[in-house]
Amino acid sequence: MNKSYFILLAVFMGLWFLFTPFGNYKDPMEGIHGFYHVQRIDPGDDTGYYAYLRSGFIEGDFDFYNEEHYFHFNKITDTGYTANYWYIGAPIIWFPFFLLGHIVALIYLALGFPVALDGYSFPYYAFTSIASSLEVFAGLVLCYKIIADRYGKSVSLAVTVLVLAATCLPYFAFVRNRMSHSGDFLVAFLFFWTFLKFRERPNQSIWFFIMWGALAGLLADLRYISVIWCAFPLGFLIKTLLDKGTTSDDRARLLKNYLFAFLAFLVVVSPQLASWKMLHGVFSSLNPYTNVVSDFGSLFQSIWNVFLGAKRGLFLVEPVWALGLIGLFMLMRKDPWLGGVCWVVFLGFLTAPVIIGDPATFGQRYLIPAFPLLALGLGECLAPLFKKRPATWFRPVGALLCFWMYFMTFSFNLVIPFKNQNFVPEALSRFAEVIHTNRFLWPTSYLDLILKGKFQLLDYRDYFFLIGLPLLEILFCFAALFLILRVIPCLTAEPGRTSALKWSSLGFLTCMVCLTAFIVLNHPELPAYEKKNRLQSAAINEFYREYPSLTRFKENIERSQKAGAPDAKDYALLADASFLSQSFKEATFYYKKAQRLHDSPSRALQLERLAYLTGQRKYPKVDVSQFDMDKDGSLHRNLGLYFLDSQNDITRATVFLLESIKINPQQKLAGGIKLLISQAYRLNSKLGREKKTFKDIPKGYGLMLNTQLFTTELTG
């Protein structure tokens, strides 16, 4: 085996030990603040991908309404399901490793260790972390093969190391690695490699085209924009059809092959289409949190920011791209058609970072699927330099580029806040400080744990993370290397030797058909009452997220009313929101509408409170001599409301309300009074845990008592 592969593996594992954060792996609920680790993933994007795995395998559906760690669980669409704007491709690739994690969890449980089989325990997270980093290693091996075929082994090794260590790739391979970028990286290299092989020998078997179409579908499942890679086969098709030397039989055969490729593409992309149709009611859904450039002035500024912006300018954070683009210009002179299509594809990918604002990202992550172009450009740029001068000149330059990238990666979010618009200048200004304080190891990485004396083998989790995890990473890397070197060449085998290609393609397509069937058959249209219930719950959550703004709250209530006939809960929630916003007349209007649909003692009590708050009634005077005359409990009840809403004295209010219930437990408003007292007790317990009392809460906080909105806040 070529020793370059072992060098590449050594560099990759070195970065794995340097970057991969283990966090507080003995208690995943207490991670290090400000960054991700093996068991801590982002509750938005990352969990959006991961939820497909966990919910689909553990719960047997893609209904994310009860997904614990998913930040957007309450984004209910018109279908009644929770929205998921993230792609299904990464979970598809991770699934075998998630399954391995489940098996390991079963083994631990059988041995008596308390490992949950819920998809959230450490084996699941650890194996999906391995899967993501392994995709990068596999992509690097393909990168080496592509460049070595064109420029030789020494150039290829240099290029591959730069692609790995001089770009933003390590951050998404090892740190925040439960996003789709590792999959983008691998499948893009695989697709480009197959195209180059096809260009060398167009007379491929029908199964090659089926596999090729499946890869294009997987690119779309990872990120729609990645279908820009299809410019290569489509460009070749147009070029061949327009070539006067192409016979009619050749045209017919090529069109037939491309048709089979397109059908395979549709089969593989169908799970994504089916899931979004089921979840959102449409076949494609733009993430609403995406910031899109809206005018030409902003467009030009965005282009500047992409290349030279102080936050993450491509040539500032990842200067190796400058060499890559120079190489692509050189390629156009040598091979105009290939170089031209490379530029078309690069500019296609460039539209994403230019048009889409991404304030919280590191580097130009949207260009990761274009890394095969970077590698090709680097190969073209470095090859003549390697011929003219000894290769040793490259070592200090390459080392400097890699060190620069490590410094940039380390500075992101650990030293400089991730939203800092002057990230690069700020990072440079603090370079000496970082070096001087020895804060140059990624926190909780393997090397960091060793140097801080935290390498201790005390229980089963220590053995798994400190011994098992690195061994598994190395083992899977060797397995990936073996498969790529032995199996991948079968993808472009001669027409008579396509058995492996045929069965692997059929197996993958069958899995995609089954996944699509699972989505379609296992997710029926939700009944109106379920949609209403979810939209009402979403409204409650939005109220607390955005208060005092009620825009999204009201939007969800309006959608709930459209999902079915408006019910008492719709109006009660609107009344509660108005009441807490101190829009008392509006609250009175909605409470009365709710009462007409369903009489409730709690809402009746609210109307009595509103009568005082709007001046329709006057609070009773505190006259101890009249207490004995209170036969129906109304005096104590009204005094309780006086201390609650006028004096902000929840303690005294509770005393009078309790006395009112004792005097007349059968009074009409008893249910509302009991709920109010119950909420007051629970609020007191919550404050006690925070070492506070009723006196510490803001004035008017008592308004929240006896509302359904506050019931949710106390339980949630």
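These numbers come from a predicted model, not from an experiment. Values reported hereafter were calculated over all heavy atoms of this structure, with side chains retained and with hydrogens, waters and symmetry mates removed.
Not less than 6.0 angstrom separates the ring centroid of F371 from the ring centroid of F189. Note: F198 and F236 meet the aromatic proximity criterion, with ring centroids under 6.0 Å apart. In this structure, Y171 has its ring center no closer than 6.0 Å to that of Y406. Aromatic rings of F209 and F260 (six-membered ring for Trp) have centroids beyond the 6.0 Å cut-off, not under it. Checked against a 6.0 Å centroid threshold, the rings of W86 and F62 do not count as neighbours. For W442 and F174, the distance between ring centers is not under 6.0 angstrom. Aromatic ring centres of F172 and F185: separated by at least 6.0 Å. For F73 and F64, the ring centers sit 6.0 Å or farther from each other. Aromatic pair W321/F346: ring centres closer than 6.0 Å.
With rounding to the nearest 0.5 angstrom, the CG atom of D184 is 11.5 Å from the CH2 atom of W229. With rounding to the nearest 0.5 Å, the separation of CZ in R312 from CD in Q421 is 8.0 Å. Considering CG of L325 and CZ of F307, their distance stands at 6.5 Å, rounded to 0.5 Å. Once rounded to the nearest 0.5 Å, the distance linking CG of L255 with CZ of F262 reads 13.5 Å. The structure places OG of S275 at 12.5 Å from OH of Y81, a figure rounded to the nearest 0.5 Å. Considering CG of N74 and OG of S537, their distance stands at 9.5 Å, rounded to 0.5 Å.
Checked by atom type and distance alone, the side chain of S132 never pairs as donor or acceptor with a backbone atom of S129 at under 3.5 Å. Counting only distance, with no hydrogens or angles, the side chain of D243 and the backbone of K239 share no donor-acceptor pair below 3.5 Å. In this structure, the side chain of R178 does not engage the main chain of T47 through any donor-acceptor pair within 3.5 Å. Put simply, the side chain of W276 gets close to the backbone of N84: a donor and an acceptor are under 3.5 Å apart. Judged purely by atom type and a 3.5 angstrom limit, T79 uses its side chain to pair as donor or acceptor with the backbone of L279. Side chain of S560 to backbone of N556: no donor-acceptor contact under 3.5 angstrom is found. Proximity of a side-chain donor or acceptor of H280 to a complementary backbone N or O of V282 within less than 3.5 Å is not detected. A donor-acceptor distance shorter than 3.5 angstrom exists from the side chain of D335 to the backbone of L338, with no hydrogens or angles considered. Between the S302 side chain and the L299 main chain, no donor and acceptor come within less than 3.5 Å of each other.
At a threshold of 4.5 Å between non-hydrogen side-chain atoms, the residues T167 and L374 count as touching. In this structure, C342 and L331 have side chains that are in contact, with non-hydrogen atoms separated by less than 4.5 Å.
S180 and R223 share a side-chain donor-acceptor pair at under 3.5 Å.
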For this session: Could you give me the CA-CA distance, side-chain angles and deciding distance for F407 and F431, then say whether ring pair (Phe, Tyr, Trp, His ring centres under 6.0 Å) is met?
Result: CA-CA 8 Å; F407 176 67; F431 179 80; 4.9 Å; yes

Exercise. Yes or no on ring pair (Phe, Tyr, Trp, His ring centres under 6.0 Å) for Y52 and W94, after CA distance, side-chain angles and deciding distance?
Worked result: CA-CA 10 Å; Y52 285 108; W94 296 341; over 10 Å; no

Problem set entry | Steps toward ring pair (Phe, Tyr, Trp, His ring centres under 6.0 Å) verdict (F191, W212) | CA-CA 7 Å; F191 189 88; W212 210 9; 5.8 Å; yes

Exercise. Going through the distances and angles, do S133 and N177 end up as a side-chain hydrogen bond (donor to acceptor under 3.5 Å, both in side chains)?
Worked result: CA-CA 7 Å; S133 58; N177 75 341; 4.9 Å; no

Exercise. Does the pair Q272 and Y224 meet the rule for a side-chain hydrogen bond (donor to acceptor under 3.5 Å, both in side chains), with working shown?
Worked result: CA-CA 10 Å; Q272 183 66 81; Y224 273 178; 5.5 Å; no

For this session: Kindly determine whether R40 and D46 satisfy salt bridge (charged side-chain N to carboxylate O under 4.0 Å, His left out), including the steps that lead there.
Result: CA-CA 10 Å; R40 180 184 185 183; D46 308 30; over 6 Å; no

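Of all non-hydrogen atoms in P319 and L316, the two that sit nearest each other are CD-O, 3.8 Å. Taking each heavy atom of P91 and L53 in turn, the nearest pair found is O-CD2, 3.3 Å.
A salt bridge links E542 and K75; the closest N-O separation between the charged side-chain nitrogens and carboxylate oxygens is under 4.0 Å.
A cation-pi geometry, defined here as NZ or CZ lying under 6.0 Å from the six-membered ring centre and within 45° of its normal, holds between R534 and Y65.
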